[in-house]
A.B. asks: 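This is the structure, below, for whatever I ask next.
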Amino acid sequence: MNERGEQSLLNVQGLTKTFAIRRGLAVTRFHAVDQASLVMQTDRSEIVALAGESGSGKTTLARMVLGMISPSAGSITFRGRDVSKLTVREKRSWFMRQVQPVFQDPYAAFSPLKRVEQYLFTTAHNYRAERAGGTREAVDEALHAVGLSLQEIGGRYPSELSGGQLQRVAIARALITNPALLVADEPVSMLDASLRMSVVNLLKELREQQGVSVIYITHDLATAYYAADRISIMLRGWIVESGPVESVLGDPMHPYTRLLKQSVPEADPDKRWEGRTDLAMLEAEEYLMGGCKFAGRCPQVMDRCKEEAPENASVDGRAVRCWLYAS
Ligand SMILES: Nc1ncnc2c1ncn2[C@@H]1O[C@H](COP(=O)(O)OP(=O)(O)OP(=O)(O)O)[C@@H](O)[C@H]1O
Ligand code: SF4
Ligand SMILES: [Mg+2]
């Protein structure tokens, strides 16, 4: 519930996913997502960005929210209902309609041998069969919302559409069920730079015109700044800073957010953080680290940081997980 007693759209609390990895002969467990919390309200639609280096737990968090994998601990409540307690039928006929995924690679979502409109008609048939209005109207409406039409894409195979058009078709397919929330995991990272902004703009339009909320997962702080209302920054399973996008990216408080901001020249979304430091080697080490997971790289590290994991502090309208801000 929010301060006005309204139910939240999505309420993720203490969400944790533990994986086991083999290191030599030993099996080590680590939390790919560790006590993550995220709340989205019903009284306004929002785009919430989730950003962080490769291997920070973004996709794992998204997959839990989508119900594709189950959490090891913590809870996900959607419109006041605990998702883990839904029956298979409720999950399929209610939750999965309301919360729709948009994946990174639009070409992987469609068979090269099938005309793209077949996917839309199948989804419309499955989900709208019992509703008023035919499947053609539902497909038309969804395509219209993403700036396409049946006339344009009808009869075409995936290879006959651009990546940007295909991602729009994927989003149209997601819209057919009238979702309240899209979980978009790097939806533009595989598109040509010239097409990226059109898809990011589409997410903004859907939020503004159709009232759809979006979890927008990205490496790209520039599009996050442009599109999102709020942002959560992830580091090795932790959400280390979250709040309004203007304040978090305009004036980052957490040393890791500062590093991310410095590492990405804002004008060039192609430049990623990977390759700047040897992140693959750091990944396992940082996941398994006691204390603060950023202690090995933090310019402001203190003795305490290596021993004790920081708690979230509430500062200037945002949450920051760093000892520098502990009261
Ligand atoms: N099924 C799994 N079994 C074991 N480890 C996993 C599994 N899925 C993910 N991981 C590990 O969990 C960590 C987080 O992975 P995740 O894919 O969520 O990160 P990400 O932030 O989405 O990264 P990227 O930006 O590269 O997509 C990584 O160390 C990854 O190797
Ligand atoms: S807790 Fe310490 S090591 Fe971690 S980010 Fe803050 S100052 Fe740096
Ligand atoms: Mg990912």
Side-chain angles (χ1 to χ4, degrees), residues 15-23 27-34 36 49-66 68-72 101-105 108 183-190 215-221 223-224 231-241 252-261 263-264 269 272-276 278-313 315 318-327:
L15 202 65
T16 300
K17 183 70 190 178
T18 308
F19 287 126
I21 42 165
R22 189 171 284 283
R23 307 179 99 207
V27 173
T28 314
R29 294 181 164 275
F30 75 103
H31 303 312
V33 174
D34 191 1
L50 200 56
E53 290 161 331
S54 188
S56 54
K58 306 181 296 295
T59 294
T60 305
L61 177 51
R63 286 162 64 84
M64 286 193 277
V65 170
L66 285 162
M68 294 165 70
I69 53 172
S70 27
S72 308
V102 179
F103 297 112
Q104 185 174 23
D105 181 1
V183 181
D185 191 353
E186 309 231 26
V188 299
S189 64
M190 292 187 73
I215 296 180
Y216 172 54
I217 295 177
T218 185
H219 279 85
D220 175 16
L221 296 188
T223 58
I231 189 164
S232 290
I233 305 287
M234 285 196 82
L235 161 77
R236 307 303 173 219
W238 290 0
I239 292 180
V240 291
E241 183 164 2
M253 289 178 125
H254 196 285
Y256 175 67
T257 317
R258 289 193 193 132
L259 172 95
L260 294 187
K261 198 182 160 190
S263 311
V264 184
R272 292 198 160 192
W273 306 310
E274 289 90 336
R276 307 217 158 195
D278 194 344
L279 291 171
M281 259 169 58
L282 272 176
E283 189 176 314
E285 204 178 295
E286 289 186 338
Y287 261 119
L288 297 171
M289 200 179 259
C292 175
K293 303 209 181 287
F294 197 47
R297 288 191 277 164
C298 180
Q300 286 156 287
V301 63
M302 302 168 278
D303 286 346
R304 181 186 196 182
C305 307
K306 295 175 188 156
E307 282 143 29
E308 263 181 284
E311 297 289 323
N312 265 324
V315 203
R318 60 186 112 162
V320 189
R321 194 168 180 182
C322 169
W323 284 126
L324 293 172
Y325 303 97
S327 51

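Order of appearance sets the numbers: ligands from 1, and atoms from 1 within every ligand. When a residue number appears, it is its place in the shown sequence, counting from 1. Computed over heavy atoms, backbone and side chain alike; hydrogens, waters and symmetry mates excluded. Remember, predicted model here, so these are calculated numbers, not experimental data.
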A.B. asks: Of all the atoms in ligand 1, which lie at a distance below 4.0 Å from a heavy atom belonging to F30?
C.D. replies: 5 (N), 11 (C), 12 (O)
A.B. asks: Report the nearest protein non-hydrogen atom to atom 1 (S) of ligand 2: residue, atom name, distance rounded to 0.1 Å.
C.D. replies: W323 N, 3.2 Å
A.B. asks: Please give me the minimum heavy-atom distance between H254 and E241, naming the atom from each residue.
C.D. replies: N-OE1, 2.8 Å
A.B. asks: Less than 4.5 Å apart, any side-chain heavy atom of I21 and any of Y287?
C.D. replies: no
A.B. asks: May I ask you to check whether F19 has an N/O atom sitting below 3.5 Å from an N/O atom of ligand 1?
C.D. replies: no
A.B. asks: Is it true that E308 and R321 have a side-chain N and a carboxylate O under 4.0 angstrom from each other?
C.D. replies: no
A.B. asks: Find out whether Y216 and V188 are in side-chain contact, i.e. whether some heavy atom of one side chain is under 4.5 Å from a heavy atom of the other.
C.D. replies: yes
A.B. asks: State, with a plain yes or no, whether a side-chain heavy atom of M289 is found less than 4.5 Å away from one of K306.
C.D. replies: no
A.B. asks: Going by heavy atoms in the side chains, are Y256 and C292 under 4.5 Å from each other?
C.D. replies: no
A.B. asks: Quick one: does F19's side chain get under 4.5 Å of T60's, heavy atoms only?
C.D. replies: yes
A.B. asks: Tell me which part of H254 gets within contact of ligand 2: side chain, backbone, both or neither, using heavy atoms under 4.0 Å.
C.D. replies: side chain
A.B. asks: If you count the atoms of ligand 2 from 1 in the order shown, which ones are under 4.0 Å from a heavy atom of C305?
C.D. replies: 1 (S), 2 (Fe), 3 (S), 7 (S)
A.B. asks: Short list, please: which atoms of ligand 1 are under 4.0 Å from a heavy atom of H219?
C.D. replies: 25 (O)
A.B. asks: Within a distance under 4.0 Å of any heavy atom of Q300, pick out the atoms of ligand 2 and give their elements.
C.D. replies: 7 (S)
A.B. asks: May I ask you to decide whether E286 forms a salt bridge with K293, counting only side-chain N to carboxylate O separations under 4.0 Å?
C.D. replies: no
A.B. asks: Within ligand 1, which atoms have a heavy atom of T59 less than 4.0 Å away?
C.D. replies: 17 (O), 18 (O), 20 (P), 22 (O), 27 (O)
A.B. asks: Looking at S56, which atoms of ligand 1 are within less than 4.0 Å of one of its heavy atoms?
C.D. replies: 19 (O), 20 (P), 21 (O)
A.B. asks: For Y287, is at least one N or O under 3.5 Å away from an N or O on ligand 1?
C.D. replies: no
A.B. asks: Atom 2 (Fe) of ligand 2 and C292: any N/O/S contact shorter than 2.8 Å?
C.D. replies: no
A.B. asks: Heavy atoms, side chains only, cut-off 4.5 Å: are R297 and L235 in contact?
C.D. replies: yes
A.B. asks: Hey, does M64 have a side-chain heavy atom less than 4.5 Å from the side chain of K17?
C.D. replies: yes
A.B. asks: Does any N or O of ligand 1 fall below 3.5 Å from an N or O anywhere on A20, backbone included?
C.D. replies: no
A.B. asks: Check contact between Q104 and ligand 1, using heavy atoms of the residue and a distance below 4.0 angstrom.
C.D. replies: no
A.B. asks: Hey, is E186 touching ligand 1 through its side chain, its backbone, both or neither, going by heavy atoms under 4.0 Å?
C.D. replies: side chain
A.B. asks: As an exercise, identify every atom of ligand 2 less than 4.0 angstrom from a heavy atom of A295.
C.D. replies: 3 (S)
A.B. asks: What is the nearest protein non-hydrogen atom to atom 8 (Fe) of ligand 2, stated with its residue, atom name and distance?
C.D. replies: C298 SG, 2.3 Å
A.B. asks: Check whether any N, O or S atom of C322 sits under 2.8 Å from atom 8 (Fe) of ligand 2.
C.D. replies: no
A.B. asks: For the residue pair T16 and V33, establish whether any side-chain heavy-atom pair is separated by less than 4.5 Å.
C.D. replies: no
A.B. asks: Give a yes/no verdict on whether any heavy atom in G52 is under 4.0 Å from an atom of ligand 1.
C.D. replies: no
